[in-house]
Number of protein chains: 2
Amino acid sequence: MSEISKSDADQLREAGLAESSADETVFIELLFFAYRDFVSDPDALLQEYGFGRAHHRVVHFVARNPGISVAELLDILQITKQSLARVLKQLVETGFVQQQQGAQDRRQRLLFTTEKGEALFDKLREPQSRRIKNALSGLDARDRAGAERFLSYLINEDERSMALRLSNAVDR
Amino acid sequence: MSEISKSDADQLREAGLAESSADETVFIELLFFAYRDFVSDPDALLQEYGFGRAHHRVVHFVARNPGISVAELLDILQITKQSLARVLKQLVETGFVQQQQGAQDRRQRLLFTTEKGEALFDKLREPQSRRIKNALSGLDARDRAGAERFLSYLINEDERSMALRLSNAVDR
DNA sequence: GAAATATGTCAACAAGGCTGACATAATCTA
DNA sequence: TAGATTATGTCAGCCTTGTTGACATATTTC
């Protein structure tokens, strides 16, 4: 990993000049750059539909969790009811998402993607999937495991198991 | 890594039912959850100053790259001149960032943090640094290297070396 | 029957993206 | 040196997506 040399930080540390934050700061910035480029992929595609990133997140998590309730979706996205309602309404009106009254609890509106929604989900996932696949192609199994662990440990502890359960859900 | 089991996806794959995107989708969602929580840390602190995430990014990269030009900062943040100008103006007016005419090229306004800006930088970095440190504490050296590699390979190839050069810059 | 819950809705606001046009000063180049 | 290019700033206006708080409805639970 010659590109990812830490020589400067190492030298500083040996000289006793570095704060302990040196190492972490590398990761702070790697996360910024990686996420910046990672989310940039779907944006151009979304414009064709007049949608934004918020729509993408909703379509993605509804497609991945068919029958999810509004409350569960709010939990995942960590935005307010109103922020979700706005984009969800548009997605329902334009036929990308369907609502269905809950069977056990009829107060719930369970959410599903339509075929159209499924197609959008795939279309938006494709470039991100490609980027991930490309990144993983340079890594061996140990590296991949390390990346997966690191990301999962960044998630708030009290929500980690839920997040991992969702991410590892059956992929259709 | 019992928590990060891939049993569902594995079963599907063995049954020949899974699309090749199954593995990547786990990373797509891990990135979402990790970044969601990662950026949530500084938000409460920023409110005390009446600032938002955009201010954070500017303060961070100016503090990390003293004397950076406006053009270089735009390159990092990948936003428009106007979006930057708005928050930069506020940071200068409130005394967190200083401008200084370039010596060689006097058209440039080189940016520096003030002591006040430096203090804010540290204050905002602290919780993120703590989160990273906490995540790394559960990992061995191989895992850490894997995480670092994975994130760097997610960055657009034509900007990767710049990003890595910045991230590995001398940490003060 | 009353309280709690799931959801929706409305009005209003703020942050921070965007565009496009135009201005100024400084540098580079033919 | 004149003209083109570059670095930056600024103005007006727009859009998305986040926020709050109040209130309404239907349903479930106690």
Side-chain angles (χ1 to χ4, degrees), chain A residues 32 35-36 39-40 42-62 67-94 97-112, chain B residues 32 35-36 39-40 42-62 67-94 97-112:
Chain A
F32 167 77
Y35 200 79
R36 180 198 68 177
V39 297
S40 75
D43 281 6
L45 299 172
L46 286 160
Q47 282 199 331
E48 297 171 26
Y49 299 81
F51 291 154
R53 289 179 192 176
H55 301 85
H56 181 193
R57 286 178 221 133
V58 171
V59 167
H60 181 97
F61 284 105
V62 170
I68 192 174
S69 70
V70 170
E72 288 170 323
L73 197 47
L74 286 174
D75 239 38
I76 290 174
L77 301 176
Q78 307 224 142
I79 56 177
T80 56
K81 202 166 43 160
Q82 175 68 320
S83 295
L84 173 57
R86 194 161 33 207
V87 296
L88 186 52
K89 190 177 187 178
Q90 292 176 281
L91 288 168
V92 170
E93 281 170 354
T94 49
V97 171
Q98 277 180 328
Q99 295 181 330
Q100 189 182 302
Q101 199 174 46
Q104 318 94 319
D105 188 338
R106 292 184 307 168
R107 289 171 302 181
Q108 293 184 327
R109 310 287 171 89
L110 307 183
L111 306 173
F112 301 85
Chain B
F32 168 77
Y35 200 79
R36 180 198 67 177
V39 297
S40 74
D43 281 7
L45 299 172
L46 285 161
Q47 283 200 332
E48 296 171 26
Y49 299 82
F51 290 154
R53 289 179 191 176
H55 301 84
H56 182 194
R57 287 178 221 133
V58 171
V59 166
H60 180 97
F61 284 105
V62 170
I68 193 175
S69 70
V70 170
E72 287 171 322
L73 197 48
L74 286 174
D75 239 38
I76 290 175
L77 301 176
Q78 308 225 139
I79 56 177
T80 56
K81 201 166 45 161
Q82 175 67 319
S83 295
L84 173 58
R86 194 162 33 208
V87 295
L88 186 53
K89 189 177 187 178
Q90 292 176 281
L91 287 168
V92 170
E93 281 171 354
T94 49
V97 172
Q98 276 180 327
Q99 296 182 329
Q100 188 182 303
Q101 199 173 46
Q104 317 95 318
D105 188 337
R106 292 184 307 169
R107 288 171 303 183
Q108 292 184 327
R109 310 286 170 88
L110 306 183
L111 305 173
F112 300 85

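Please read all numbers here as calculations on a predicted model, not as lab measurements. Protein chains get the first letters and strands the later ones, always in sequence-line order, with residue 1 at the start of each.
Using a 4.0 Å heavy-atom cutoff across all strands shown, A:Arg86 reaches at least one base atom of the nucleic acid. At the heavy-atom level, B:Glu72 lies nowhere under 4.0 Å from the strands shown. No contact: A:Gln47 has no heavy atom under 4.0 Å from any strand. Using a 4.0 Å heavy-atom criterion, one finds that B:Gln90 contacts no nucleic acid atom at all.
Taking only side-chain nitrogens and oxygens, A:Arg109 never comes nearer than 4.0 Å to OP1 or OP2 of C:dA6.
Taking every side-chain heavy atom of A:Gln82 into account, C:dC10 is the closest of C:dT7, C:dC10, C:dC18.
With a heavy-atom cut-off of 4.0 Å to chain B, the contacted part of DNA chain D has its first and last nucleotide at D:dT6 to D:dA12.
Not counting sequence neighbours, A:His56 has no partner by the ring pair (Phe, Tyr, Trp, His ring centres under 6.0 Å) test.
A 6.0 Å sphere centred on CD of A:Glu48 holds more than 12 heavy atoms belonging to other residues, nucleotides or ligands.
Between B:Leu88 and B:Leu111 there is a side-chain heavy-atom pair separated by less than 4.5 Å.
Under the 30°/60° scheme for interplanar angles, the aromatic rings of A:Tyr35 and B:Tyr35 are found to lie parallel.
Distance B:Gln108 CD to C:dC28 P: 10 Å, rounded to the nearest Å. C:dA15 atom P lies 13 Å from atom CG of B:Leu91, rounded to whole Å.
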If you look only at distance, which donor and acceptor atoms sit under 3.5 Å apart when one is on a side chain in residues 70-78 of chain B and the other is two or more places apart or in another chain?
from, atom 1, to, atom 2, distance (Å)
B:Glu72, OE1, B:Ser69, N, 3.0
B:Glu72, OE1, B:Ser69, OG, 3.3

